[in-house]
Amino acid sequence: MICPKISLACVLLLLWFTSTGDAAYMKYLDPKQPTNTRIKDLISRMTLAEKIGQMTQIERGVASADVMKNYFIGSVLSGGGSVPAPQATPAVWVNMVNEFQKGALSTRLGIPMIYGIDAVHGNNNVYNATLFPHNIGLGATRDPDLVRRIGEATALEVRATGIPYTFAPCIAVCRDPRWGRCYESYSEDHRVVQQMTDIILGLQGDIPINHTKGVPYIAGKDKVAACAKHFVGDGGTHNGINENNTITDEHGLLGIHMPPYYDSIIKGVATVMVSYSSLNGVKMHANHDLVTGYLKSKLHFRGFVISDWLGIDRITSPPDANYTYSVQAGINAGIDMVMVPFNYTQYIDDVTSLVKKGIINMSRIDDAVRRILRVKFI
């Protein structure tokens with residue numbers, strides 16, 4: 001995906017037509033083929049290094065066209081406040097994103113990267129972008145149509161910078177005002193938060209009638225992939241301590257913190273971000289039962305699951321105490337794309353080693369890549 005809107009399908013088709021005339025027919029390049037057929041064909045052609053590259057998201061500060069090409073990087077992000085230049089214009093953003101994209105497209109299979117940014121109340125990292133009230137204020141309006149229109153406006157301004165993916169909305173249900181990020185929550189009432197997930201329809205577009213539940217949907221060139229976060233229970237930590245432990249029974253989890261995810265998935269959300277917090281003592285970044293067992297298997301979510309910034313590092317205490325174990329635990333829990341964001345060579349080396357040793361199964365790698373490609377094929 002590059003600005004203004006070139007989907008994976010369009011890019012691959014372009015590469016096909018500009019290649020030599022005697023190139024072999026490849027299903028993944030054929031827009032007439034069903035998406036699942038194209039994904040299956042593309043995965044069958046990928047090496048382990050290309051697959052792991054797709055599962056890697058790096059910060060723009062360490063990215064370059066050569067890095068994208070040499071490591072098959074699947075995604076780049078702007079961390080909070082990370083910009084290409086002070087007061088950068090939309091054109092500067094577009095040029096930066098396109099430079100990274102050139103590297104991705106120059107690889108053997110030419111799989112585009114996807115660039116993500118925290119456009120959480122408007123495209124708030126970009127100079128002169130329109131800023132909107134934060135979630136706590138929007139929730140007080142009890143006006144889902146308003147947040148939907150804000151999503152539409154935000155999508156336009158994100159796209160204007162060449163970016164097709166935002167890490168929004170935050171659908172935490174804040175249960176304790178001492179939580180320092182309570183302003184990111186629409187309400188302490190899960191029913192209000194559920195209504196406000198209409199922002200996803202603004203960001204991604206209206207879900208078609210009879211669209212398959214759980215399958216991501218993005219309507220067109222003026223829309224962006226959304227990200228429901230932070231899965232799950234981040235607003236219910238003990239004493240409101242940030243990134244701490246949410247202590248609750250099944251009723252509290254499924255009745256308070258999970259409902260906004262039901263609505264987000266029904267509305268076709270493309271990605272879900274995992275929370276730094278724990279649930280009853282289990283780190284969410286290592287919680288296989290909830291990430292794979294519930295989100296993917298029970299709720300039938302078919303987009304990709306992404307870690308938070310240095311999220312897998314924080315599986316251990318202190319953080320990064322055993323990075324190889326963290327990689328193993330996070331990916332085996334069901335995380336598909338890891339927001340590394342800096343030391344990508346260590347991450348790639350560790351995933352490669354863990355796969356070759358059989359500690360991470362190839363089926364888990366293929367599941368992750370399939371989900372990432374599904375979003376890119378939209």
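In what follows, residues are counted from 1 in the order of the sequence shown.
Pro341 is listed as a side-chain neighbour of Leu77, based on a closest heavy-atom distance under 4.5 Å. Considering only heavy atoms from C-beta on, Thr352 comes within 4.5 Å of Ile52 through its side chain. Using a 4.5 Å heavy-atom threshold, the side chains of His230 and Asp308 count as touching. Inter-residue side-chain proximity for Ile73 and Ile348 is flagged as met; some heavy-atom pair is nearer than 4.5 Å. When side chains are defined from C-beta on, Val272 does not count as touching Ile306, because their heavy atoms never get closer than 4.5 Å. Two residues are said to be in side-chain contact when any heavy atoms from C-beta on lie closer than 4.5 Å; Ile39 and Arg374 meet this criterion. At least one side-chain heavy atom of Val215 sits less than 4.5 Å from a side-chain heavy atom of His211. Contact check for Ile111 versus Leu42: side-chain heavy atoms found under the 4.5 Å cut-off.
Using modelled atom types and a 3.5 Å distance limit, the side chains of Tyr165 and Ser75 yield no donor-acceptor pair. With hydrogens and angles left out, the side-chain atoms of Tyr115 and Ser78 include a donor and acceptor closer than 3.5 Å. Glu243 and Thr237 share no donor-acceptor pair across their side chains, judged by distance under 3.5 Å alone. Side-chain contact of Asp313 with Ser326: a donor-acceptor pair under 3.5 Å is absent, judged by distance alone. Between Lys229 and Ser275, the side chains place no donor N or O within less than 3.5 Å of an acceptor N or O (distance only, hydrogens not considered). For the residue pair Thr107/Glu50, the side-chain donor-acceptor check at 3.5 Å is not satisfied.
The backbone N or O of Ile171 lies less than 3.5 Å from no partner atom in the side chain of Asn135, so there is not a single donor-acceptor pair. Looking only at distances, a side-chain donor or acceptor of Ser264 sits under 3.5 Å from a matching main-chain atom of Pro260. A donor-acceptor pair under 3.5 Å is absent between the side-chain atoms of Ser277 and the main chain of Asn245, judged by distance alone. For Asn123 (side chain) and Val126 (main-chain N/O), no donor-acceptor pair under 3.5 Å exists by modelled atom type. Within the 3.5 Å criterion, the main-chain N or O of Ala91 finds a donor-acceptor partner in the side chain of Asn95. Checked by atom type and distance alone, the side chain of Lys102 never pairs as donor or acceptor with a backbone atom of Ala65 at under 3.5 Å. In this structure, the side chain of His190 engages the main chain of Gly255 through a donor-acceptor pair within 3.5 Å. Judged by distance alone, the side chain of Ser185 and the main-chain N or O of Ala172 form a donor-acceptor pair under 3.5 Å. Listed for the Lys27 side chain is no donor-acceptor partner under 3.5 Å among the backbone atoms of Pro34. Between the side chain of Thr316 and the main chain of Ala321, a donor-acceptor pair closer than 3.5 Å is present.
The nearest pair of heavy atoms linking Arg371 to Arg302 is NH1-CA, 3.4 Å.
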*asked:* Walk me through whether Lys267 and Asp206 qualify under salt bridge (charged side-chain N to carboxylate O under 4.0 Å, His left out).
replied: CA-CA 8 Å; Lys267 293 168 185 175; Asp206 290 328; over 6 Å; no
_Working for salt bridge (charged side-chain N to carboxylate O under 4.0 Å, His left out), residues Asp366 and Lys40_ = CA-CA 10 Å; Asp366 286 345; Lys40 183 178 179 180; over 6 Å; no
*For Arg149 and Glu152, run salt bridge (charged side-chain N to carboxylate O under 4.0 Å, His left out): C-alpha distance rounded to whole Å, both residues' side-chain angles, the deciding distance at 0.1 Å, then the answer.*
CA-CA 5 Å; Arg149 287 184 285 127; Glu152 291 175 348; over 6 Å; no
*Could you go step by step and tell me if Asp336 and Arg364 meet the salt bridge (charged side-chain N to carboxylate O under 4.0 Å, His left out) rule?*
CA-CA 9 Å; Asp336 303 310; Arg364 172 75 274 272; 2.5 Å; yes
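Ionic pairing of Asp367 and Lys296 is present here: one or more N-O contacts between side-chain nitrogen and carboxylate oxygen are shorter than 4.0 angstrom. Classification of Asp30 and Arg38 as a salt-bridged pair fails, no side-chain N sitting under 4.0 Å from a carboxylate O.
Hydrophobic clustering (side-chain heavy atoms under 4.5 Å, transitive across Ile, Leu, Val, Met, Phe, Trp, Tyr) groups Met362 together with Val338. One hydrophobic cluster, built from ILVMFWY side chains closer than 4.5 Å, cannot hold both Met339 and Phe72; they sit in different ones. No single ILVMFWY cluster, assembled from side-chain heavy atoms under 4.5 Å apart, contains both Val83 and Val92. Tracing side-chain contacts under 4.5 Å through hydrophobic residues (I, L, V, M, F, W, Y), one never reaches Ile163 starting from Val120; they form parts of separate clusters.
Applying the 6.0 Å contact sphere to CZ of Arg108 captures more than 12 heavy atoms from other residues, nucleotides or ligands. Summarising the local packing, NZ of Lys213 is surrounded by more than 12 heavy atoms from other residues, nucleotides or ligands at distances under 6.0 Å. Around atom OH of Tyr183, more than 12 heavy atoms belonging to other residues, nucleotides or ligands sit under 6.0 Å away. Summarising the local packing, OH of Tyr323 is surrounded by more than 12 heavy atoms from other residues, nucleotides or ligands at distances under 6.0 Å.
Between Phe132 and His121, a ring centre-to-centre spacing not shorter than 6.0 Å is recorded. A distance below 6.0 Å separates the ring centres of Phe342 and Trp309.
Rounding to the nearest 0.5 Å places CD1 of Ile117 at 10.0 Å from CZ of Arg60.
Listed by first then second residue, pairs satisfying ring-ring contact (aromatic ring centres under 6.0 Å, His included) with a partner in residues 243-286 read Phe231-Tyr261, not counting sequence neighbours.
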